[in-house]
Amino acid sequence: MRKIKIYDTTLRDGEQSPGVVFRQEQKILIAKSLEKMGVDIIEAGFPATSHEDFLSVKKVASVIKDCQVSAFARMIEKDVDIATTAIQPADDRGRLHMFIAVSPIHMKYKLNKTPSEVLEAIEYFVKKSRNLCPDIQWCGEDASRADPDFLVECINVAIKNGAKTIMLPDTVGYSTPTLYGDLFSFINDRVDAVASGDVILSAHAHNDLGLATANSLSAISNGAKQVECTINGLGERAGNGALEEIIMALTLHKESYQISHNVNTKDITSISNLVSTLSGMVVQKNKAIVGANAFSHESGIHQDGILKHRETYEIIKPEDIGLNKTHFTLGKHSGRSALKERVAEYNLSLNDEQINNILIEFKQLADSKLEVHDIDLLTLITKELNEKDHTQYKNYIKVRSYNLVQNKTADGHNQFNMELLITLDGKDTSVHATGETSMRAIVNALSDLLPHKQTMERFEVSSISTNKDAQTQAIFTLHIEGLPATVTTQGIHIDTLMSTAIAYSNALNIARININTFKNLNTNNSN
């Protein structure tokens with residue numbers, strides 16, 4: 001069997017999902033879980049997009065030891081310099097992933113460059129970068145719509161100047177399995193360094209036509225030795241090829257594909273839950289492999305078949321992706337040792353203070369639930385890391401509880417009077433407001449704590465699991481005056497109104513941190 005490299009880009013392309021922003025501590029948490037899972041390369045981010053992303057990539061590069069860490073860059077001086085600096089802590093495990101558009105439509109309308117200018121840029125930047133980073137990956141953006149002969153020219157120039165991996169993305173999800181497979185077969189036949197095995201081809205599929213997994217598998221069948229994917233299929237527009245789908249297809253049909261990989265499939269469920277929680281992107285119930293319904297059977301015929309012989313209607317064992325794993329049941333009688341044991345399963349290193357803080361929240365939650373599930377514990381860990389992130393700044397808001405009174409107005413309409421008990425700047429206080437719904441009253445009460453206009457673009461409330469005593473997750477996406485991008489945050493609590501208040505206060509905390517950061521950067525730039 002030949003080995004396929006798994007290149008996870010959840011922290012970069014996954015973060016490009018509209019409304020998804022991973023904080024530095026969250027990126028580290030996901031990266032460590034990916035490392036434990038056994039992926040070969042982690043794309044940690046796009047360092048030139050922001051100072052925070054630069055610091056996050058640098059931190060991930062310094063803490064990950066068992067796999068490669070990659071940084072993303074356009075073929076421009078600033079991007080390459082920033083990316084190679086960010087990846088330096090990874091030493092010989094560092095990879096620079098640089099891209100430039102190669103399709104006629106992208107070169108003309110996006111880059112305003114001729115094919116000759118694109119070839120010159122490839123030669124210059126790959127040659128420059130090979131002395132700055134030990135491993136260069138070159139990407140021809142929109143390769144699936146490029147002229148095949150020109151694409152061969154680009155690849156040969158990249159290889160001649162030091163690229164060891166060539167990525168051929170279906171950037172806009174245009175391709176089909178036949179077309180995408182033919183592209184890889186064509187490049188294998190036309191590029192000597194690829195045919196000899198000195199240089200490998202990488203697949204990267206988008207899901208605009210719902211074909212990302214199928215296209216990725218077709219590329220692998222036609223010579224790709226690396227596949228790029230994300231947890232839960234996160235990514236721009238309709239997302240990327242989902243790691244869990246590609247891996248389980250290769251695993252289930254290993255004799256057909258003759259492909260092996262290093263991924264421990266039993267970590268799939270836990271990392272899916274982790275990414276869903278941190279991104280605020282709830283996994284649809286009928287999502288393949290990790291959806292809540294993936295191993296559920298309602299039809300009587302199906303239930304009867306499963307009871308007689310599991311394989312009648314289940315092609316994958318739930319335990320193969322980490323479901324129904326034997327572990328301690330966590331409840332109100334569980335102690336610090338059991339909690340530490342479960343935290344260790346996520347390959348996390350939390351200090352005693354963090355464990356103690358989580359234990360307090362854990363006990364409070366356990367008093368209101370029959371069992372504290374893995375997804376519940378993940379939310380407590382995330383909350384602790386978020387609070388650590390926020391509390392280093394003075395303008396920190398924490399919602400503690402609320403009082404709600406419902407009245408009727410003179411014209412007979414409902415009016416909700418909300419009092420939120422909060423901690424602000426380290427002092428306990430309260431804020432009050434009214435609204436036509438309890439949710440609106442919460443927003444009205446909190447919004448005045450930030451003197452910048454806030455426009456709500458998204459608000460969702462959902463259960464984080466299928467359990468009867470599940471916690472609720474509230475998600476806000478806000479455009480806040482003074483920030484260059486929207487802010488998406490989530491709040492999780494057994495009480496729906498508290499989860500809403502926590503989510504909104506988290507957005508305000510992130511806004512305060514970043515508005516101050518941008519002010520400081522502007523001041524520094526003016527100097």
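FYI, the numbering just counts along the sequence from 1. Note that these values count all heavy atoms, side chains included, but never hydrogens, waters or copies made by symmetry.
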Inset, instruction - With sequence neighbours left out, write down each residue that passes side-chain contact (heavy atoms from CB on, under 4.5 Å) with Ala474, or none if nothing qualifies. - result: Phe459, Val461, Ser499, Thr500, Ala503

Legend entry - By salt bridge (Lys or Arg N to Asp or Glu O under 4.0 Å) - contacts of Arg145 (at least two apart): Asp142

Inset, instruction - Report the distance from atom OH of Tyr7 to atom CG of Leu243, rounding to the nearest 0.5 Å. - result: 13.5 Å

Inset, instruction - Measure the CG-CD1 distance between Leu217 and Ile246 for me, rounded to the nearest 0.5 Å. - result: 6.5 Å

Legend entry - Pair listing, ring-ring contact (aromatic ring centres under 6.0 Å, His included) test, anchored in residues 243-278, at least two apart: none

Legend entry - Salt-bridge contact Asp40-Lys5 (side-chain N to carboxylate O under 4.0 Å): no

Inset, instruction - Go through the structure and list residues passing side chain to side chain donor-acceptor pair (under 3.5 Å) with Ser175, not counting sequence neighbours. - result: none

Legend entry - Side-chain touch Lys58/Ile87, heavy atoms, less than 4.5 angstrom: no

Legend entry - Main-chain N/O of Ala212 paired to Asn207 side chain as donor or acceptor, under 3.5 Å: yes

Legend entry - Check: Trp138 and Ile100 side chains under 4.5 Å, non-hydrogen atoms: yes

Inset, instruction - Please check if the side chain of Thr10 supplies one atom and the backbone of Ile231 the other of a donor-acceptor pair under 3.5 Å. - result: yes

Legend entry - Gap between atom CD of Glu52 and atom NZ of Lys59 - 0.5 Å precision: 14.0 Å

Legend entry - Listed partners of Ala31 passing side-chain contact (heavy atoms from CB on, under 4.5 Å), at least two apart: Leu11, Ile42, Val60, Ile64

Inset, instruction - Keeping the roles fixed (side chain from Thr277, backbone from Asn273), state whether a donor-acceptor pair exists under 3.5 Å. - result: yes

Legend entry - Asn262 and Lys3: side chain donor to acceptor below 3.5 Å: yes

Inset, instruction - Can you sort out the partners of Ser56 under side chain to side chain donor-acceptor pair (under 3.5 Å), two or more places apart, ordered by chain and number? - result: none

Inset, instruction - Can you see which heavy atom on Gly491 is nearest to which on Ile502, and at what distance? - result: CA-CG2, 3.8 Å

Inset, instruction - Please answer whether the main-chain N or O of Ala193 pairs with a side-chain N or O of Asp198 as donor and acceptor at a distance below 3.5 Å. - result: no

Inset, instruction - Give, for atom CG of Leu151 and atom SG of Cys154, the distance between the pair rounded to the nearest 0.5 Å. - result: 6.5 Å

Inset, instruction - May I ask you to decide if the ring planes of Phe72 and Phe99 are parallel, tilted or perpendicular, using 30° and 60° as cut-offs? - result: parallel

Legend entry - Any donor-acceptor pair under 3.5 Å from Ser103 side chain to Ala146 backbone: no

Inset, instruction - Taking all non-hydrogen atoms of both residues into account, name the closest pair between Ile271 and Ile30 and its distance. - result: CD1-O, 4.4 Å

Inset, instruction - Examine distances only and state if a side-chain atom of Thr477 and a backbone atom of Arg458 form a donor-acceptor pair shorter than 3.5 Å. - result: no

Legend entry - Side chain Glu35, main chain Lys65, donor-acceptor under 3.5 Å: yes

Legend entry - For Ser202, all residues meeting side-chain contact (heavy atoms from CB on, under 4.5 Å), sequence neighbours excluded: Thr165, Met167, Gln226, Glu228

Inset, instruction - Could you grab the distance from atom CD1 of Ile136 to atom CG of Leu96, nearest 0.5 Å is fine? - result: 4.5 Å

Legend entry - Student check: side-chain heavy atoms of Arg12 and Val57 closer than 4.5 Å: no

Inset, instruction - Measure the CG-CD1 distance between Asn506 and Ile475 for me, rounded to the nearest 0.5 Å. - result: 12.0 Å

Legend entry - Pairs satisfying ring-ring contact (aromatic ring centres under 6.0 Å, His included), at least one member in residues 211-237, at least two apart: none

Legend entry - By side chain to side chain donor-acceptor pair (under 3.5 Å) - contacts of Thr9 (at least two apart): Glu43

Legend entry - Heavy-atom pair of closest approach, residues Pro47 and Ala83: CG-CA, 3.9 Å

Legend entry - Trace of the side chain to side chain contact (heavy atoms under 4.5 Å, CB included) decision for Thr251 with Val263: CA-CA 10 Å; Thr251 301; Val263 170; over 6 Å; no

Legend entry - Leu252, CG atom: more than 12 neighbouring heavy atoms under 6.0 Å: yes

Inset, instruction - Please report the shortest heavy-atom distance between Gly14 and Thr230, naming the atom on each side. - result: N-CG2, 4.1 Å

Legend entry - Side chain proximity check, Ile166 to Ile159, heavy atoms < 4.5 angstrom: yes

Inset, instruction - Inspect the surroundings of NZ in Lys110 and state if more than 12 heavy atoms from other residues, nucleotides or ligands are less than 6.0 Å away. - result: yes

Inset, instruction - Return yes if some donor-acceptor pair links the side-chain N/O of Asn509 with the main-chain N/O of Ser505 below 3.5 Å, else return no. - result: yes

Legend entry - Check: Asn232 side chain, Ser272 main-chain N or O, donor-acceptor pair, under 3.5 Å: yes

Inset, instruction - Please list all pairs passing the ring-ring contact (aromatic ring centres under 6.0 Å, His included) test where one or both residues lie in residues 201-251, with sequence neighbours left out. - result: His204-His206

Inset, instruction - Identify the heavy atoms of Ala242 and Gly233 that sit nearest to each other, and give their distance. - result: CB-N, 3.7 Å

Inset, instruction - Step by step, work out the side chain to side chain contact (heavy atoms under 4.5 Å, CB included) result for Leu55 and Gln24. - result: CA-CA 8 Å; Leu55 294 177; Gln24 183 179 137; 3.8 Å; yes

Inset, instruction - Could you tell me whether the side chain of Leu168 reaches within less than 4.5 Å of the side chain of Ile187, counting heavy atoms only? - result: yes

Inset, instruction - List the steps, then state whether side chain to side chain contact (heavy atoms under 4.5 Å, CB included) holds for Val199 with Val191. - result: CA-CA 9 Å; Val199 172; Val191 179; over 6 Å; no

Legend entry - Side-chain heavy-atom pair Glu460, Gln473 within 4.5 angstrom cut-off: no

Inset, instruction - Kindly indicate whether the side chain of Cys229, heavy atoms from C-beta on, has any atom under 4.5 Å from the side chain of Ile6. - result: yes

Inset, instruction - With the side chain counted from C-beta on, respond yes when Ser33 and Asp267 share a heavy-atom pair under 4.5 Å apart, and no when they do not. - result: no

Inset, instruction - Identify the two heavy atoms, one from Ala143 and one from Leu183, that lie closest to each other, and give their separation to 0.1 Å. - result: O-CD2, 4.1 Å

Inset, instruction - Let me see the working for Val275 and Met281 under side chain to side chain contact (heavy atoms under 4.5 Å, CB included), right down to the final yes or no. - result: CA-CA 8 Å; Val275 170; Met281 299 286 282; over 6 Å; no

Inset, instruction - Sequence neighbours left out, what pairs pass salt bridge (Lys or Arg N to Asp or Glu O under 4.0 Å) with at least one residue falling in residues 235-252? - result: Asp208-Arg237, Glu244-Lys287, Glu245-Lys287

Inset, instruction - Go through the structure and list residues passing side-chain contact (heavy atoms from CB on, under 4.5 Å) with Arg2, not counting sequence neighbours. - result: Ile220, Lys225, Ile259

